[in-house]
Amino acid sequence: MKRMIKLLFASLVALCFTACAIVIDGEEKTASKKTESTGSIGLSISTLNNPFFVTLVEGAKKAAGDLNAKLTVVDAGDNVSKQVSDIEDLVSKNVSVLIVNAVDSDALTGAVKAAMAKGVKVISVDRAINGVEVDCQIASDNVAGAELATQYIVDKLGEGVITAELQGTMGSSAAIDRGKGFHNIADAKLKVVASQTANFNRTEGMSVMENMLQANGDIAAVFAANDEMALGALEASSGAGKKVMVVGFDATDDAVESIKAGRMAATIAQQPGLIGETAVRAASDLVNGKTVAKSIPVKVTLVTAENADKLNADKPAFEGPIGLSISTLNNPFFVTLVEGAKKAAGDLGIKLTVVDAGDNVSKQVSDIEDLVSKNVSILIVNAVDSDALTGAVKVAKSKGVKVISVDRAINGVEVDCQIASDNVAGAELATQYIVDKLGEGVITAELQGTMGSSAAIDRGKGFHNIADAKLKVVASQTANFNRTEGMSVMENMLQARGNIAAVFAANDEMALGAVEASSGAGKKVMVVGFDATDDAVEAIKAGRMAATIAQQPGLIGETAVKTAAELGNGKTVAKNIPVKVTLVTAENAGK
């Protein structure tokens, strides 16, 4: 009994010291001191195939970086089912706050209710989520903005003007509210002859506008519920030779430039970057137990030729980071490509991270995953294998990363831009040179590049386009773009067929290996390569190699980084950017 009393007394003393141990040497040690929450934030975006939402995500990422908040971005690709799945996945990963930019304001009600039932706070951005009371709604006043845009048409062209409307994605609150604002003015003051959805998409905007103009050629004005559709309508009007006043909504960079050029009349400026930034800051407040307003409006203004120059005067230039995953730095061509990329990044003040896959597909997949985890905004990829990277690149894009492929394509996924030489045309040029110099029917061999890479595929195609009709091809074998393998494979070919008169190698490294093999065997073989590396050009000058195809790897790298900067600044870039190739022979190698 005494033992029990002693134990009880000791426990009470310990408890007393624990309760009283609040300040020691003036330092607080109590758990009652509030610390910042480290809860994660999920952002489900409707689509990253629209500059407006790209800018919104950039604003969100910036705020997350400033606040040291963990932010996960997922792209629904304008697919309601995928967005529902994305939200469920984010909730399963225990996000504390969910920011949702809805594909459809009605279709997400159930998924959002389920998230809130599990204690997740929800913020809707740009578009409302119907049928559920979220913790905060952050958006521009779409009704007022559309009224402003429509009144501009009335002010400039007068009442009763024949007008068309390009509606946004049906069901989205932005489309509903902008349509309401348009009709609030137009139904009383304009003659609306056509209203049709083009799903906030430029290509659809052009197609729908073409049909509208064919049906009613006297349309004088069009209100488009976003700038992408407006720019499509502009192309359609121009193509039809019609002068139509086009007014959009969003003030994307492309639209503002079009207004400055006098092609588009006006747009409504939201601040998507500020919407994204405000959403993350509100999410951080919720994570930390603070109260936020149920509705946070972000100002809109009318942009015309009179004020377009002032719109983005203070917008900071894109600074990265950009990731460059290169197939191998054991090849002079890719070394030069990286040097061009680094030069452009230095000139533009952009942070660039380069990783070398060492011609290893598994390493390149891991490299890409690592770059994405480090929050690169844009990923430049020179693929080891055009098929093997599909999954990794799809995952990167689903997380909001823009992707540019260089020199080699990435099959099975639509990247934001492909920058490469015309490998098919270059190989045709090289093979025709053999025909021109040695005549048709000459016994020829082919050294192929790494199997599966788009460069190997395209150069092989270009070779056979000419060779199958004009040359006698007795051997085709891969040497993996490698000089040592090129020499070994060529030695074997010459042992099997000693009368080979010419060889086309899909790159200069293999070509130089073939030159060594031919020389070692005492054979006079015309060797034509591809890339115009320094070693190959010197061999041509010395009369050892016949010709090569000059790409501009430095310019490819430079163009890739400059294109990444444009994407980072919200601009639209071409899906395909070709870089010129030329034939290099003894006649022009010195130049």
Side-chain angles (χ1 to χ4, degrees), residues 326-340 359 382 384 406-408 420-434 437 444-451 453-463 467 476-491 493 500 502-520 525-557 579-591:
I326 202 79
S327 61
T328 177
L329 284 173
N330 193 30
N331 183 321
F333 180 86
F334 297 121
V335 171
T336 306
L337 190 154
V338 168
E339 288 170 354
D359 260 339
N382 163 239
V384 172
V406 290
D407 188 58
R408 302 169 181 174
S421 308
D422 189 335
N423 285 307
V424 174
E428 289 174 343
L429 201 61
T431 312
Q432 186 60 49
Y433 181 77
I434 295 172
K437 290 297 179 180
T444 307
E446 175 193 15
L447 291 179
Q448 303 165 335
T450 304
M451 304 306 288
S453 73
S454 61
I457 294 166
D458 290 346
R459 293 175 193 180
K461 180 180 179 182
F463 169 72
S476 291
Q477 190 174 335
T478 183
N480 291 305
F481 291 129
N482 184 276
R483 188 180 301 201
T484 303
E485 287 190 50
M487 181 170 69
S488 176
V489 171
M490 189 64 188
E491 286 171 346
M493 286 180 170
I500 292 172
V503 60
F504 167 71
N507 83 336
D508 285 338
E509 289 295 288
M510 296 187 296
L512 290 164
V515 167
E516 292 301 319
S518 304
S519 176
V525 179
M526 172 184 276
V527 179
V528 179
F530 202 119
D531 284 342
T533 63
D534 290 343
D535 284 356
V537 173
E538 288 304 315
I540 291 170
K541 290 178 183 178
R544 299 174 64 236
M545 188 166 144
T548 185
I549 297 297
Q551 299 188 81
Q552 300 185 67
L555 183 58
I556 290 174
V579 180
K580 187 180 177 183
V581 299
T582 55
L583 181 72
V584 178
T585 66
E587 285 71 34
N588 63 354
K591 302 174 185 176

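Residues: numbered from 1 along the sequence shown.
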TODO: Give a yes or no answer on whether the side chain of Ser518 reaches the backbone of Ala514 with a donor-acceptor pair at less than 3.5 Å.
DONE: yes
Task: Sub-4.5 Å side-chain heavy-atom contact between Glu509 and Pro332 - done: yes
Task: Parallel, tilted or perpendicular: rings of Phe463 and Phe504 (30°, 60°) - done: parallel
Task: Other residues, nucleotides, ligands: >12 heavy atoms within 6.0 Å of Lys541 NZ - done: yes
Open item on the list: How long is the straight-line distance from CZ of Arg544 back to CD of Glu516, given to the nearest 0.5 Å?
Closed with: 5.0 Å
TODO: Please name the pair of heavy atoms, one in Leu329 and one in Val338, separated by the smallest distance, quoted to 0.1 Å.
DONE: CD2-CG2, 3.8 Å
Open item on the list: Does Asn588, at its CG atom, have more than 12 non-hydrogen atoms belonging to other residues, nucleotides or ligands within less than 6.0 Å?
Closed with: yes
Task: Spatial distance of atom CZ (Arg408) from atom OG (Ser327) [nearest 0.5 Å] - done: 4.0 Å
Task: Minimum heavy-atom distance Thr533-Asp508, with the two atoms named - done: N-OD2, 2.9 Å
Open item on the list: What I'd like to find out is whether the side chain of Phe333 reaches to under 4.5 Å of the side chain of Asp407, using heavy atoms alone.
Closed with: yes
Task: Closest non-hydrogen atom pair, Ile500 against Ala445 - done: CD1-CB, 4.0 Å
Open item on the list: What verdict does the side-chain contact (heavy atoms from CB on, under 4.5 Å) test give for Val503 and Met493, after you've listed the backbone C-alpha separation in whole Å, the side-chain angles of each residue and the deciding distance to 0.1 Å?
Closed with: CA-CA 10 Å; Val503 60; Met493 286 180 170; 5.6 Å; no
Task: Atom pair CG (Asn480) and OG1 (Thr328), whose distance is rounded to the nearest 0.5 Å - done: 11.5 Å
- [ ] Could you tell me whether the side chain of Asn423 reaches within less than 4.5 Å of the side chain of Phe530, counting heavy atoms only?
- [x] yes
Task: Leu447 vs Glu485 side-chain heavy atoms within contact, under 4.5 Å - done: no
- [ ] Using atom types as modelled and distance alone, determine if a side-chain donor or acceptor of Asn507 lies under 3.5 Å from a backbone N or O of Phe481.
- [x] yes
TODO: Answer whether the closest heavy-atom distance between the side chains of Leu583 and Ile549 falls below 4.5 Å.
DONE: yes
TODO: Grab the two heavy atoms, one from Met510 and one from Ala479, that are nearest each other, plus how far apart they are.
DONE: SD-CB, 3.4 Å
- [ ] Taking all non-hydrogen atoms of both residues into account, name the closest pair between Thr548 and Ala532 and its distance.
- [x] OG1-N, 3.1 Å
- [ ] Could you tell me the separation between the CD1 atom of Ile326 and the CG atom of Asp359, rounded to the nearest 0.5 Å?
- [x] 10.5 Å
Open item on the list: If you compare all heavy atoms of Ala430 against all heavy atoms of Gly529, which two are closest, and at what distance to 0.1 Å?
Closed with: CB-O, 4.4 Å
TODO: Report the distance from atom CD of Gln551 to atom NZ of Lys580, rounding to the nearest 0.5 Å.
DONE: 14.0 Å
- [ ] Measure the spacing between CE of Met526 and OH of Tyr433 and express it to the nearest 0.5 Å.
- [x] 5.5 Å
TODO: I would like to know whether Met490 and Val525 meet side-chain contact (heavy atoms from CB on, under 4.5 Å); could you show each step before the answer?
DONE: CA-CA 11 Å; Met490 189 64 188; Val525 179; 4.1 Å; yes
